[in-house]
Amino acid sequence: MLDPMLIEAQPKGYNYEEAKVPKYNLPDPLVCLDGSKVKDADDWVKKRRPEVVRMFEDEVYGRSPGKPKAMRFEIVEKEADALGGKAMRKQIVIHLGKGEKALAVNLLLYLPKKAKGPVPGFLTVNFLGNHTTNKDPAIRIPTSWVRNGNGTKNNKATAAGRGERASRWAIDSIVSRGYAFGTIYYGDIDPDFHDGYENGIHPLFPPKNPKKRKPTDWASIAGWAWGLSRGLDYLETEADVDAKRIAVMGHSRLGKTSLWAGASDERFALVISNNSGCGGAALSRRQFGETVKRINTSFPHWFCDNYKKYNDKEDECPVDQHMLIALSAPRPVYVASAEGDRWADPNGEFLSALGAEPVYQLFGHTFGASKQPPVNKPVQGRIGYHVRTGKHDVTSFDWEQYLNFADKHLR
Ligand code: GCU
């Protein structure tokens, strides 16, 4: 398997031209499996939505277990005066499972100190360890698998990585604007390499023996999304946070993850996908940039085994990704693209958001765009979208839009 981090941004041999996008028909989010048409919001909620969720589980991400019995929260560190006096910091370990394979998932939380009463917040998931999101020397360093631990090859995180990804996490602005910031390191939930589901979260739940897995069993994206739900379980116990106003956010493979977290756990009040691309916000049928076959080949552990049926056969899949965005409805959802991130198909991400609008309309909500807006010109209805200049990344421009969107919907 290719090292996921070494895969270049725009591999050759894939289509990057709009004119070469094949003709395709998207499945209608409003037509039920029995052929009837969704009449109203109630019909969507009671009949069609559960069908769509089940199709994404069985054909794309796999079925996840529910909230586990064996879960315990341990506050391992607390500081009233963090980030130069602006925030309170808490570090929580979410203990999952028992025995040898038990997991300790670290949640880092900053809370605005000036807040009066429970605050809304962002729950995020990161690539390289909580300690890479900010220079704060008190942030615990992961002991679980990390990719090439900060430039070394030993897959162990070190203090050298402190703050190395700080530019992606506008923690200062988030806290200054009155929001809590929470982040979980994805490797604590499930290491990101294909090991036949022997490690991470999967062996803690049936089928504990990977040989007994079904083609609809959960894979890594579903595992990371499930981990975000466990973070939200903790936030529900946190007096200073309003767990009913939590936005879930992730970038790239973790943007695919945040979309699935928002779709599969309706407690998330707002859903943000940053440059999530194939298997996230982008429409698979367009075959623009990364394709289903390519993603299933490079990352065989991300999606359930059934998803492999759609390699080179996107049209046969009963869902496309606009229906994933629609699963956030009627909650606000934000899809962000980057102009230079053609591998993730920026226009396909936009068209997916647009394709979700009929479901939002059932609830009386609109998007506000009918074609992809110009670069750096966000559109923010109940669905938000922007394509910014620059490459595959999370920038302060992205966060500025997410904060404005949250101000509009979570205040
Ligand atoms: C690769 C992969 C993408 C993914 C990205 C990332 O480029 O092909 O699907 O989004 O890695 O997670 O960084």
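Both ligands and their constituent atoms are indexed starting at 1 by order of listing. Fair warning: this is a prediction, and the values are worked out from it, not measured in the lab.
Defined by atom type and a distance below 3.5 Å, a donor-acceptor pair is missing between the side-chain atoms of Ser337 and His386.
Under a 4.0 Å N-O distance rule, the pair Lys308/Glu59 does not qualify as a salt bridge.
Between His251 and ligand 1, not a single N/O pair is under 3.5 Å apart.
Within the listing of ligand 1, atoms 4 (C), 5 (C), 6 (C), 10 (O), 12 (O), 13 (O) sit less than 4.0 angstrom from a heavy atom of Ser252. Ligand 1 places these atoms under 4.0 Å from at least one heavy atom of Lys256: 3 (C), 4 (C), 9 (O), 10 (O). Numbered from 1 in the order shown, with element, the atoms of ligand 1 that lie under 4.0 Å from a heavy atom of Trp302 read 4 (C), 9 (O). Distances below 4.0 Å separate heavy atoms of Ile295 from the following atoms of ligand 1: 9 (O).
Between Phe350 and Phe367, the two ring planes are tilted [angle within 30° to 60°]. Note on ring orientation: taking the six-membered ring where Trp is involved, the planes of Trp302 and Phe299 are parallel (angle under 30°, cut-offs 30° and 60°).
Contact analysis puts His392 in contact with ligand 1, with a non-hydrogen atom separation below 4.0 angstrom.
Annotation: side chain of Lys293 is not in contact with side chain of Lys313 (no heavy-atom distance under 4.5 Å).
When non-hydrogen atoms are compared, ligand 1 lies under 4.0 Å from the side chain of Glu290 (C-beta onward) but not from its backbone.
Surrounding NZ of Lys408 are more than 12 heavy atoms belonging to other residues, nucleotides or ligands, all under 6.0 Å away.
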